[in-house]
Structures are given as C-alpha cells and as structure tokens.
Amino acid sequence: MRVPSQPGAADVERGREQLGPEQREREPGGAAGGVRGEHTHSEPPVRVVQRASVRGQILDALRAALVRGELRPGEVYSAPVLGERFGVSATPVREAMQQLALEGAVEVVPNRGFRVVQRDARELAELAEVRGLIEVPVILRLARTVAVERWVELRPLAEATVRAASSGCRATYAEADRAFHRAVLGLAGNSQLVRIADDVHRRVQWPLVAASGGRAELVADAAEHGALLDAVVVRDLDAVRVVVEGHFGACGGLLG
C-alpha cells in the first residue's frame with residue numbers, strides 16, 4: 001500500500017502567494033474568507049480532512065498487517081520506517097500506532113517505536129472466555145426476544161463472512177466477522193455493550209494468525225453465522241444454544 005503524500009501548510013501557503021489578489025480573495029483561506037455573500041465557516045479545512053483520511057488508511061493497513069502476521073509479535077517498529085513503507089510521513093503512522101496501543105495491539109517503546117504485543121496461550125484463552133461471557137448470554141436472550149424480521153436483516157452480513165472466509169484473506173475475514181457480531185449485539189440496543197465486545201473481539205484476533213487454521217476452518221467458522229440465523233428464524237432455541245456455544249468454544253483458536 002502506498003498512500004499519496006499530502007501538502008503541508010507551507011506548500012499551501014507558497015501556492016497561495018503565487019495567486020493574484022483577486023484569486024487569493026476567492027480562496028477559502030483568503031483575506032475575505034471566501035467569495036462575498038458565501039458562508040464558509042462551516043466547512044472544515046481541506047488539509048485537516050486529508051490528514052484524517054491518511055491516518056485512517058494507515059490504521060486500516062496496519063490492522064490488516066497485524067492480522068496477516070506481517071507485523072510480528074515481539075518486534076519493535078518505528079513510525080519513520082513504517083512511514084517509508086507506506087509512502088507517508090511518520091506523523092499519521094505514529095497517530096495510527098497510538099490508536100493501536102489503545103486497542104491493545106501494540107505497546108509504546110520510548111525512543112524506539114511500538115512493539116507488537118505477544119500474548120501467550122493463557123492470555124488468548126482468557127480473552128476468548130471473556131468474549132463468551134459477554135456475547136453468549138446476550139445472543140441467547142436476543143434469540144428469545146427479538147423479532148424474526150430483525151434477524152433476517154442480518155443475512156447479508158452472514159453471507160459476507162462466508163465470502164470473506166472463502167477468499168482466504170484473514171484480514172478481510174476479520175473485518176467481516178466483526179461486522180456480523182457487531183450487528184448481532186446491536187439488536188440489544190446497548191452501544192456500550194457493542195463497543196466493549198468489539199474491543200475484546202479485536203484483541204482476540206491479534207495475534208492469532210500463527211495459531212489459526214487454514215481456509216477450510218475459516219469457512220466452517222463463517223458457516224456457523226448462517227446456522228445461527230437459521231435456528232433463530234425457526235425459533236429453535238436449543239439449536240441456537242448449540243450453535244452459539246460451539247461457535248464461541250472455537251473462538252479460542254480462530255478469528256471468529
């Protein structure tokens with residue numbers, strides 16, 4: 001991935017200096033603040049939007065690299081070096097890495113960069129257990145109380161996880177899988193529940209790549225999403241329990 005470099009404040013100012021007075025007046029940052037009669041105060045500076053966009057692209061790229069195992073657990077990566085890899089300055093990389101630190105994927109190493117966390121089997125098992133404790137009872141309750149029509153609306157997301165698993169790309173599957181689980185928990189109408197469960201889910205996904213199975217196991221894991229919907233639609237609560245408990249029992253060794 002190579003993200004196009006963005007113009008800095010000095011570059012923008014030099015460009016404006018080459019314009020005539022009338023042209024500068026029409027610029028968003030001109031002396032008149034824009035063309036007379038127009039309200040421009042509600043429009044954010046273009047440079048800020050571009051920077052946020054670059055940071056978001058870098059964050060997505062780093063998350064994908066973590067899931068694919070391209071950033072190895074225990075290794076330290078500096079923002080300048082990663083910036084060269086992505087074709088951007090160190091600033092958006094550093095900001096993205098700080099977000100990953102908040103998510104528990106990396107830890108700050110003073111004067112060196114960021115170290116990818118290295119979790120042992122016990123920590124991964126504990127995270128998987130926490131996921132199960134949060135999601136299993138909620139899903140079982142939702143299966144009893146939420147209208148069938150609401151569950152049917154989740155079918156496209158379940159099918160998307162199967163397609164993602166079939167592609168063999170773990171980064172793609174990780175995102176599709178989390179999107180499905182967020183939607184399921186979203187039926188509870190509790191945004192804090194969704195946020196906390198999604199955070200734990202993401203932590204379980206990193207760095208499971210080395211211990212995870214192949215494409216066939218991902219496809220089987222994704223198929224359980226459809227099986228859950230099938231059981232809920234016909235109100236077979238016993239089948240729902242079997243699918244849910246089996247699915248989260250497998251989460252200790254898969255991305256799902």
Side-chain angles (χ1 to χ4, degrees), residues 1 55-75 77 82 86 93 96-97 99-107 114 116-119 121 123-132 134-136 139 154-186 193-229 243-244 246-256:
M1 170 184 174
R55 183 175 65 246
Q57 292 178 55
I58 296 300
L59 181 58
D60 289 342
L62 290 172
R63 284 171 172 166
L66 283 165
V67 174
R68 290 194 295 261
E70 296 171 3
L71 298 181
R72 299 180 179 179
E75 295 290 328
Y77 297 89
L82 289 174
F86 293 121
V93 176
M97 279 294 199
Q99 175 60 37
L100 291 177
L102 292 176
E103 296 174 2
V106 302
E107 56 189 12
F114 301 85
V116 178
V117 296
Q118 189 167 16
R119 299 188 175 102
E123 185 175 0
L124 291 172
E126 289 174 348
L127 285 169
E129 181 181 10
V130 171
R131 266 200 77 199
I134 294 173
E135 297 196 42
V136 170
I139 294 176
L154 303 186
R155 183 71 67 177
L157 290 175
E159 294 171 348
T161 65
V162 174
R163 291 193 299 272
S166 299
S167 73
C169 176
R170 293 190 172 278
T172 300
Y173 180 70
E175 289 302 315
D177 179 53
R178 284 184 28 254
F180 175 79
H181 282 270
R182 283 197 304 268
V184 170
L185 295 179
L193 168 67
V194 175
R195 180 182 61 80
I196 293 171
D198 189 57
D199 178 66
V200 176
H201 193 168
R202 194 188 292 277
R203 290 170 187 260
V204 170
Q205 291 175 339
W206 296 329
L208 268 181
V209 178
S212 297
R215 178 183 304 183
E217 289 186 71
L218 289 181
V219 171
D221 186 69
E224 292 177 351
H225 298 150
L228 169 63
L229 297 183
V243 171
V244 171
H247 186 68
F248 282 91
C251 284
L254 286 172
L255 293 171

Item checked: Those residues that, when tested against Glu107, pass salt bridge (Lys or Arg N to Asp or Glu O under 4.0 Å) (two or more places apart) -> Arg115

Checklist line | Distance-minimising heavy-atom pair for Ala96 and Ile58 | finding: CB-CG2, 3.9 Å

Item checked: For Val200 against Leu127, the heavy-atom pair lying closest together -> CG1-O, 3.8 Å

Checklist line | Partner set under side chain to side chain contact (heavy atoms under 4.5 Å, CB included) for Ala197, not counting sequence neighbours | finding: Ile134, Glu135, Leu185

Check: By side chain to side chain donor-acceptor pair (under 3.5 Å), which residues pair with Arg72, not counting sequence neighbours?
Finding: none

Check: Taking only residues two or more places apart in sequence or in another chain, which ones pass side chain to side chain contact (heavy atoms under 4.5 Å, CB included) with Asp198?
Finding: Arg178, Arg182, Arg202

Check: With side chains defined as the heavy atoms from C-beta onward, is the minimum distance between Asp177 and His201 less than 4.5 Å?
Finding: yes

Checklist line | side chain to side chain contact (heavy atoms under 4.5 Å, CB included) against Ala176, all qualifying residues, sequence neighbours excluded | finding: Thr161, Ala164

Notebook entry, point to check: Does Arg63 reach the side chain of Glu103, with side-chain heavy atoms less than 4.5 Å apart?
Noted result: yes

Check: Shortest non-hydrogen contact from Met97 to Val106?
Finding: O-CG2, 3.5 Å

Next item on the list: Mind checking side chain to side chain donor-acceptor pair (under 3.5 Å) for Glu123 and listing every partner two or more places apart, or none if nothing turns up?
Entry: Arg119

Item checked: For Glu129, all residues meeting side chain to side chain donor-acceptor pair (under 3.5 Å), sequence neighbours excluded -> none

Checklist line | Heavy-atom pair with the smallest gap, counting every atom of Leu71 and Tyr77 | finding: CA-OH, 3.5 Å

Note to self: Checking side chain to side chain contact (heavy atoms under 4.5 Å, CB included) between Tyr173 and each of Leu218, Val162, Val67, Val219, which is the one that passes?
What the structure shows: Leu218

Note to self: Can you list everything that forms a side chain to side chain contact (heavy atoms under 4.5 Å, CB included) with Ala158? Sequence neighbours excluded, please.
What the structure shows: Phe180, His225, Leu229

Check: For Glu75, what residues pass the side chain to side chain donor-acceptor pair (under 3.5 Å) criterion, not counting sequence neighbours?
Finding: none

Item checked: Nearest atoms (heavy-atom pairs only) where Arg68 meets Ala171 -> NH1-CB, 4.0 Å

Checklist line | For Arg155, salt bridge (Lys or Arg N to Asp or Glu O under 4.0 Å) partners two or more places apart | finding: Asp230

Notebook entry, point to check: Nearest heavy-atom pair of Gly104 and Arg203: which atoms, and what distance?
Noted result: CA-NH1, 3.6 Å

